[in-house]
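Counting starts at 1 for both ligands and their atoms, in listed order.
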Amino acid sequence: MESLKNDLLLRAARGEQTERVPVWMMRQAGRILAEYRAVREKAGSFIKLATNPELAAEVTIQPVDLLGVDGAIIFSDILVIPEAMGLPYEMEEKKGPVFPKVVQSVADIDSLRIAEPEADLAYVLDAIKIVKRELDGRVPLIGFAGAPFTIFCYMIEGRGSKTFSVAKKALYADPEFSHKLLQKITDSTIAYLKAQIAAGANLVQIFDSWAGILSPAQYREYSLPYIKQICDAISEAPVTVFAKGAFFARQEIGNLNCSVVGLDWNMDPTESRMLVPNKTLQGNLDPCVLYASYDQIRKEVRNMIEAFGTQRYIANLGHGVYPDTNPDKVRCFIDTVKEFATTSAL
Ligand code: CP3
């Protein structure tokens with residue numbers, strides 16, 4: 001067994017007691033640090049950076065050194081899965097990801113392959129191995145993947161969207177086609193997460209960023225069963241399920257074979273504890289709180305911890321940190337969590 005100097009995050013994920021609340025931030029690698037932008041500049045583009053294991057490892061570790069978080073998250077993107085299945089993406093400056101080709105027919109699905117991580121995603125696995133060596137047990141490493149439904153959205157729509165109505169249209173128009181693609185993504189994702197854990201990831205998070213665009217009934221049909229398959233397949237490390245906007249599915253997510261349920265800021269901590277009584281909760285500060293004054297940030301963070309309690313809890317934002325956030329405000333968030341006195345007797 002690897003020995004970690006700071007294993008608060010892992011212990012909290014496993015439901016064990018912790019002497020203080022662990023904290024990290026979704027999208028902590030990239031986005032806010034000048035030091036990240038310098039490395040990205042050197043690499044030339046996001047994709048060149050993400051596919052260069054040495055540089056990806058460097059930006060993965062930056063938030064540990066510069067912000068003091070209790071976990072590192074591997075620098076990559078959820079869209080490496082479509083790429084590994086045969087649908088490459090491009091990252092357009094200011095616009096985000098774009099897929100030159102999209103999936104439109106059953107023949108298109110048949111032309112995709114189930115990702116083979118050791119061959120197709122070796123650059124991520126190599127980055128994980130470098131990070132593990134360089135972290136030298138300082139904090140745990142988080143691996144991740146998109147939830148099948150969120151990946152489906154991008155593979156059908158080909159770019160970001162406020163409504164993903166083209167992807168949703170496919171669910172209504174052709175359920176069989178939709179399930180076929182979702183299953184292929186799921187098989188790829190299971191192999192990928194297992195490979196990340198084998199390479200050294202200590203826990204993994206599933207990002208269902210677009211969960212909130214589905215009705216409860218559609219969520220039950222098109223997203224949950226595939227997340228369930230992933231959770232049931234992964235017993236090697238704790239799994240976190242973060243389904244943004246799926247307040248209506250908290251109870252069902254809490255009943256999955258996962259260790260941690262991630263919450264966004266629309267979800268009330270007390271209500272969430274009631275709906276998910278026996279899992280660790282993660283979240284859920286509104287990222288916009290980090291635009292407030294230092295005093296206001298401290299107040300909001302303390303209120304949040306008081307509402308969640310200090311055990312079975314991982315402090316985080318309710319979604320990724322916004323790119324124009326002042327890193328000093330981020331440090332204020334992290335330091336306030338770390339300074340919060342744990343009241344329960346240990
Ligand atoms: O958490 C981390 O810091 C690890 C790295 C990470 C990235 N993307 C790097 C990235 C993670 C965990 C992701 C996940 C991701 N990617 C999600 C799920 C989480 C969420 O925020 O909902 C989604 C939906 C994507 C797809 C994606 N990638 C979009 C929509 C964009 C463009 C807008 C944006 O978020 O910046 C990306 C690009 C991307 N992924 C960047 C980074 C650092 C910015 C690219 C750049 O540096 O030019």
Side-chain angles (χ1 to χ4, degrees), residues 9 23-52 55-64 66-67 69 71-83 87 89-99 123-124 127-128 131 141-155 157-162 164 167 189 192-193 196 201 203-213 240-246 262-265 282-284 287 316-325 327 330:
L9 184 62
V23 57
W24 69 283
M25 243 182 12
M26 290 186 276
R27 311 299 298 271
Q28 68 188 19
R31 280 199 158 173
I32 55 160
L33 293 170
E35 291 83 352
Y36 163 77
R37 286 191 287 276
V39 179
R40 190 185 178 288
E41 199 103 324
K42 192 162 81 181
S45 73
F46 171 78
I47 291 182
K48 283 189 186 140
L49 171 53
T51 52
N52 179 321
L55 295 181
E58 185 178 342
V59 297
T60 298
I61 296 172
Q62 281 176 344
V64 178
L66 300 168
L67 302 173
V69 285
I73 178 161
I74 189 66
F75 184 83
S76 183
D77 200 88
I78 61 169
L79 301 177
V80 301
I81 277 291
E83 170 143 282
L87 203 72
Y89 69 101
E90 292 163 7
M91 205 56 91
E92 283 185 10
E93 205 64 45
K94 300 264 178 309
K95 278 177 67 190
V98 176
F99 287 86
Y123 61 93
V124 182
I128 289 177
V131 169
L141 176 63
I142 304 161
F144 72 91
F149 172 67
T150 286
I151 297 299
F152 174 95
C153 283
Y154 286 100
M155 291 175 83
E157 198 110 7
R159 55 183 63 233
S161 159
K162 282 205 169 70
F164 278 103
T189 303
Y192 181 43
L193 289 174
Q196 290 186 49
L203 61 168
V204 293
Q205 176 157 326
I206 301 167
F207 285 89
D208 205 355
S209 303
W210 294 106
I213 64 173
T240 299
V241 177
F242 171 66
K244 172 130 195 341
L263 304 173
D264 70 47
W265 64 90
Q282 173 176 281
N284 70 345
N316 204 313
L317 302 178
H319 198 195
V321 63
Y322 294 129
D324 61 346
T325 307
V330 168

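In this structure, atom 20 (C) of ligand 1 lies nearest to the protein heavy atom H319 NE2, 3.2 Å. Atom 18 (C) of ligand 1 has as its closest protein heavy atom S209 OG, 3.1 Å. Among all protein heavy atoms, the one lying closest to atom 45 (C) of ligand 1 is F46 CD1, 3.5 Å. Of the protein's heavy atoms, P97 CD, 3.5 Å lies nearest to atom 29 (C) of ligand 1. Protein heavy atom closest to atom 48 (O) of ligand 1, with residue, atom name and distance, is R40 NH2, 2.6 Å.
Under a 4.0 Å heavy-atom criterion, E93 is not in contact with ligand 1. Ligand 1 is approached by Y154 to a heavy-atom distance shorter than 4.0 Å. Note on ligand 1: G160 sits outside its first shell, no heavy atom being nearer than 4.0 Å. Using 4.0 Å as the threshold, G320 has no heavy atom nearer than that to any atom of ligand 1.
For a threshold of 3.5 Å applied to N or O pairs, the pair formed by W210 and ligand 1 contains no separation below that value. Residue A29 has at least one nitrogen or oxygen atom sitting less than 3.5 Å from a nitrogen or oxygen atom of ligand 1, judged on distance alone.
Checked by atom type and distance alone, the side chain of E41 never pairs as donor or acceptor with a backbone atom of A38 at under 3.5 Å. The backbone N or O of L55 sits less than 3.5 Å from a side-chain atom of N52, completing a donor-acceptor pair.
For ligand 1, the atoms closer than 4.0 angstrom to any heavy atom of G96 are 32 (C). Close approach of ligand 1 to F75 (heavy-atom distance below 4.0 Å) involves ligand atoms 43 (C). Atoms of ligand 1 lying under 4.0 Å from any heavy atom of F207, numbered from 1 in the order shown and given with element: 12 (C), 18 (C), 19 (C).
The aromatic rings of H319 and F242 sit tilted relative to each other, their planes meeting at an angle between 30° and 60°. Aromatic ring pairs are classed by plane angle as parallel below 30°, tilted from 30° to 60° and perpendicular above 60°; the pair F99 and Y89 is tilted.
Taking the six-membered ring for Trp and the full ring otherwise, the centers of Y36 and F75 sit less than 6.0 Å from each other.
By the criterion of a heavy-atom distance under 4.0 Å, the side chain of M91, and not its backbone, is placed next to ligand 1.
For residues 27-39, no pair satisfies salt bridge (charged side-chain N to carboxylate O under 4.0 Å, His left out), with sequence neighbours left out.
Among I47, I78, I151, I206, the residue whose heavy atom sits closest to atom 15 (C) of ligand 1 is I78. Residue nearest to atom 9 (C) of ligand 1, selected from G143, S76, P323, G30: S76 (by heavy-atom distance). Of the options Q205, R27, R159, R31, the smallest heavy-atom separation from atom 2 (C) of ligand 1 is shown by R27. Nearest-residue assignment for atom 40 (N) of ligand 1 (options I74, L49, I32, D77; heavy-atom criterion): D77.
Residues V330 and V321 form a side-chain contact, since some pair of their non-hydrogen atoms from C-beta on lies under 4.5 Å apart.
Between the side chains of Q282 and Q205, at least one donor N or O lies within less than 3.5 Å of an accepting N or O.
When all heavy atoms of A167 and C153 are compared, the closest pair comes out as CB-CA, 3.8 Å.
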